Amino acid sequence: MINIKEFAYTPGEHEAEKAANSYIMSVVALVGGLPLPIINLIATLAFYAGNRKGTYYVRWHCTQALLSQFSLLLMNSCGFWWTIAILFGPETITNKYIAYIFTIIIYNLIEFVATIYTAMKTGKGKHVEWWLYGNLTNLICKP
Amino acid sequence: MDSQKVDMFIMTNGKFFESHQVAQIRDRLISIDDSKWSVLQTLQFKDPTVSIIVSLLGGSLGIDRFIIGDTGMGIGKLLTCGGLGIWTIIDWFLIMGATREKNYEKLQRVL
């Protein structure tokens, strides 16, 4: 799922730090913006915009962080509005709801651990590519 | 310029720039003539560590952006209460790089 690959060049110390910051920032924004699921996407998007003139390594990892947050947004938004409907609307708690919430909690935990792991590795200058997201990033982000 | 002077400059001011820019700055300094040396010595760079501390303490008022010279962004941050807190969080992670970029731009203007 997570592969450490060779990058086109060896990134400098500050480049690696910036790239790792993109992942750490997404986690901090996710926790800081709870329970609203959109906050982390806005934060990662703004971070990407701030680094769009950065070096290739920094841009690559900002894009991967952005893509990973995007899928998280879709899943969490559904869960969030379903919960709102139960709290303030006519909906009741069903087995399907419990199963869905359980799934998104597991998904968020996996994403959280993967993000922290990637931030640690990226900070050391290693190039970490995620399954699917890495390939998508390669298509979007060009040197 | 004399390579000894350039190395002295890099040793003193290297921490104010991005690590990947240092080699570029060194080459550029060696290629220019000695008349710029006195101007270079008077340059004052912003410390990235100071800006991160200011960002942590006064980030929601945009003080960090004012300090590095981004007045427009500072006002934007001030009026929106640090972009409802989101911008403040983003800037905790961006401000050190932004400070180094500003220092690099300042040096570029002199060279």
Side-chain angles (χ1 to χ4, degrees), chain A residues 7-62 65-66 69 73 115-116 118-120 122-125 143, chain B residues 10-11 13-27 45-49 51-53 55-56 59-60 62 64-65 68-70 72-74 76-77 79-108:
Chain A
F7 199 62
Y9 62 92
T10 312
E13 193 192 331
H14 288 141
E15 273 181 84
E17 194 187 302
K18 266 189 187 177
N21 275 351
S22 67
Y23 294 104
I24 297 170
M25 204 271 315
S26 69
V27 171
V28 173
L30 180 72
V31 176
L34 280 175
L36 283 175
I38 188 82
I39 304 287
N40 58 335
L41 189 78
I42 296 172
T44 328
L45 193 65
F47 196 87
Y48 172 77
N51 279 317
R52 71 188 183 282
K53 284 178 190 164
T55 56
Y56 180 40
Y57 186 75
V58 177
R59 273 188 293 122
W60 199 97
H61 283 281
C62 282
L66 181 63
Q69 295 304 314
L73 168 86
T115 308
I116 298 289
T118 314
M120 278 161 55
T122 316
K124 287 172 191 161
Chain B
I10 297 287
M11 268 166 62
N13 298 308
K15 61 182 175 183
F16 299 130
F17 304 105
E18 298 278 0
S19 57
H20 60 271
Q21 288 169 344
V22 174
Q24 212 178 319
I25 292 169
R26 193 176 183 280
D27 292 343
F45 297 109
K46 298 274 189 300
D47 194 340
T49 320
S51 51
I52 185 70
I53 294 168
S55 187
L56 287 169
S60 52
D64 48 349
R65 285 287 172 181
I68 66 165
D70 273 343
M73 279 204 181
K77 230 173 143 179
L79 295 179
T80 56
C81 293
L84 299 175
I86 306 173
W87 199 346
T88 312
I89 294 175
I90 298 163
D91 263 354
W92 289 344
F93 296 94
L94 268 184
I95 201 75
M96 285 178 88
T99 314
R100 291 192 196 105
E101 286 294 335
K102 286 278 169 192
N103 286 335
Y104 185 62
E105 279 172 26
K106 197 176 191 179
L107 184 71
Q108 291 280 54

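Since the structure is predicted, the reported quantities are computational estimates derived from the model, not experimental observations.
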Engineer: Rounded to the nearest 0.5 Å, what separation is found between the CD1 atom of B:I89 and the CG atom of A:N40?
Structural biologist: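 The CD1 atom of B:I89 sits 10.5 Å away from the CG atom of A:N40.
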Engineer: Testing the basics here: between B:S19 and A:E13, what is the closest heavy-atom pair and its distance to 0.1 Å?
Structural biologist: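 Closest approach of B:S19 to A:E13, heavy atoms only: OG-N, 3.3 Å.
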Engineer: Where does B:I90 contact chain A at under 4.5 Å (heavy atoms): side chain, backbone, both or neither?
Structural biologist: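 Its backbone and side chain both get close to chain A.
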Engineer: What distance separates A:H14 NE2 from B:Q21 CD, expressed to the nearest 0.5 Å?
Structural biologist: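 Result: 10.0 Å between the selected atoms.
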Engineer: Can you list every side chain to side chain donor-acceptor pair (under 3.5 Å) pair that touches residues 50-59 of chain A, not counting sequence neighbours?
Structural biologist: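 Listed once each, the pairs are A:E15-A:T55.
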Engineer: Grab the two heavy atoms, one from A:I24 and one from B:F93, that are nearest each other, plus how far apart they are.
Structural biologist: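 Heavy atoms of A:I24 and B:F93 come nearest at CG2-CE2, 3.6 Å.
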Engineer: Identify the heavy atoms of B:I86 and A:A43 that sit nearest to each other, and give their distance.
Structural biologist: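 For B:I86 and A:A43, the tightest heavy-atom pair comes out as CG2-CB, 3.9 Å.
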Engineer: Enter the distance from B:L84:CG to A:I39:CD1 here, rounded to the nearest 0.5 Å.
Structural biologist: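 Nearest 0.5 Å value for the CG-CD1 distance: 8.0 Å.
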Engineer: According to the ring-ring contact (aromatic ring centres under 6.0 Å, His included) rule, which pairs have a member within residues 19-55 of chain A, sequence neighbours left out?
Structural biologist: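 Sorted result for residues 19-55 of chain A: A:Y23-A:H61.
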Engineer: Give, as side chain, backbone, both or neither, the part of B:E101 having an atom under 4.5 angstrom from any heavy atom of chain A.
Structural biologist: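 Side chain only.
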